[in-house]
Amino acid sequence: METESVSEVVIVSEYDIVLARKGIREAAVECGFGLTDVTRIVTAASELSRNVFLYAGEGVVTWHVLHGAHVGLELRFIDHGPGIEDLDKAMQPGFTSGRGMGMGLPGAKRLMDEMLIETEAGLGTTVIVRKWLSSRFE
Ligand SMILES: Nc1ncnc2c1ncn2[C@@H]1O[C@H](COP(=O)(O)OP(=O)(O)O)[C@@H](O)[C@H]1O
Ligand SMILES: [Mg+2]
């Protein structure tokens, strides 16, 4: 699968979440997504960037267009924070270890077409989400 140049934002402050949202919005529009999908992608990006900032303190978000049999947008959220203790629990709507709504991870999964999570206690978390153009999964 061929990829275009990767874009990224290092997340170390609240403001970086705004920058990530902006960059990802532009990439999604450029990729050809309609307004509804752009909003879905930006909402998922917002939740996942916020998780990086809240739970790991810092990390990085990268995104790139996927060119294969289908065109899509892939976002990666990488941190070296504490990791997610119980991933099955964390994926349940309403579960929060803090004072959140517990809708970030399950919401992002619902809004995107694919979600992969790799996490290990003490080492960190990588969340990869993808959205495909042309309603392949609808
Ligand atoms: N990047 C991360 N690093 C460590 N823990 C995380 C991370 N992202 C999510 N979590 C854990 O998963 C839980 C559920 O996340 P989420 O669904 O976004 O809900 P909320 O952020 O409202 O608690 C969080 O409360 C937290 O314990
Ligand atoms: Mg959250």
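Every number for a ligand or one of its atoms is a count from 1 in the order of the listing. As a basis for the values below, the full set of heavy atoms in this structure was taken, side chains included, without hydrogen atoms, waters or symmetry mates.
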>> Side chains of Pro106 and Phe95, heavy atoms from C-beta outward: is any pair under 4.5 Å?
In response: no
>> Test of understanding: given a 4.0 Å heavy-atom threshold, classify the contact between Ala56 and ligand 1 as side chain, backbone, both, or neither.
In response: neither
> So which bit of Leu54 gets within less than 4.0 Å of ligand 1, heavy atoms only: side chain, backbone, both or neither?
Replying inline: neither
> Is there a nitrogen or oxygen of Pro106 sitting under 3.5 Å from a nitrogen or oxygen of ligand 1?
Replying inline: no
> How close does the nearest protein non-hydrogen atom get to atom 20 (P) of ligand 1, and which residue and atom is it?
Replying inline: Tyr55 OH, 3.3 Å
>> Pairs of nitrogen or oxygen atoms closer than 3.5 Å, one from Gly104 and one from ligand 1: do any exist?
In response: yes
> Looking only at heavy atoms, what is the nearest atom pair of Ala56 and Gly81, with distance?
Replying inline: CB-CA, 3.7 Å
>> Below a 4.0 angstrom heavy-atom separation, can you tell me which part of Thr125, side chain or backbone, both or neither, approaches ligand 1?
In response: side chain
> atom 25 (O) of ligand 1: which protein heavy atom is closest, and how many Å away?
Replying inline: Ser97 N, 2.8 Å
> Who's the nearest protein heavy-atom neighbour of atom 23 (O) of ligand 1, and how far?
Replying inline: Thr96 OG1, 2.5 Å
> So do Arg40 and Met112 actually touch side chain to side chain, heavy atoms under 4.5 Å?
Replying inline: no
> Among protein heavy atoms, which sits nearest to atom 1 (N) of ligand 1, and what does the distance come to when rounded to 0.1 Å?
Replying inline: Asp79 OD2, 2.9 Å
>> How far is atom 18 (O) of ligand 1 from the closest protein heavy atom, and which atom is that?
In response: Asn51 ND2, 2.9 Å
>> Closer than 4.0 Å to some heavy atom of Ala90 - which atoms of ligand 1 meet that?
In response: 12 (O), 14 (C)
> Tell me, which protein residue and heavy-atom name are nearest atom 6 (C) of ligand 1, and how many Å apart are they?
Replying inline: Ile84 CG1, 3.4 Å
> Are Val12 and Glu58 close enough that some pair of their side-chain heavy atoms sits under 4.5 Å apart?
Replying inline: yes
> Is Glu47 close to ligand 1, meaning an N/O of one under 3.5 Å from an N/O of the other?
Replying inline: no
>> Taking Glu8's backbone N and O only, do any of them form a donor-acceptor pair with Thr62's side chain (distance below 3.5 Å, no angle check)?
In response: no
> Below 2.8 Å, any N, O or S contact between Tyr55 and the Mg ion (ligand 2)?
Replying inline: no
> Would you say Gly100 has any N or O atom under 3.5 Å from an N or O of ligand 1, going by distance alone?
Replying inline: no
> Going by heavy atoms in the side chains, are Val9 and Trp63 under 4.5 Å from each other?
Replying inline: yes
> Taking all atoms of both residues into account, what is the closest heavy-atom pair of Glu114 and Trp132, and its distance?
Replying inline: OE2-NE1, 2.7 Å
>> Within the 4.5 Å heavy-atom criterion, are Ile84 and Glu120 side-chain neighbours or not?
In response: no
> Which atoms of ligand 1 are found less than 4.0 Å from any heavy atom of Phe95?
Replying inline: 14 (C), 19 (O)
> Can you tell me which residue and heavy atom of the protein come closest to atom 22 (O) of ligand 1, and the distance to 0.1 Å?
Replying inline: Gly102 N, 2.8 Å
> Do the charged groups of Arg50 and Glu14 touch, with an N to O distance under 4.0 Å?
Replying inline: yes
> If only atom types and distance count, is the side chain of Asp79 paired as donor or acceptor with the main-chain N or O of Thr125 below 3.5 Å?
Replying inline: yes
> What atoms of ligand 1 come within less than 4.0 Å of a heavy atom belonging to Leu105?
Replying inline: 9 (C), 12 (O), 15 (O), 16 (P), 17 (O), 18 (O)
> Should the pair Asp113-Lys131 be classified as a salt bridge under the 4.0 Å nitrogen-to-oxygen rule?
Replying inline: yes
> Between Asp16 (side chain) and Ser13 (backbone), is there a donor-acceptor pair under 3.5 Å?
Replying inline: yes
> Does Gly83 reach ligand 1, in the sense of a heavy atom lying below 4.0 Å from it?
Replying inline: yes
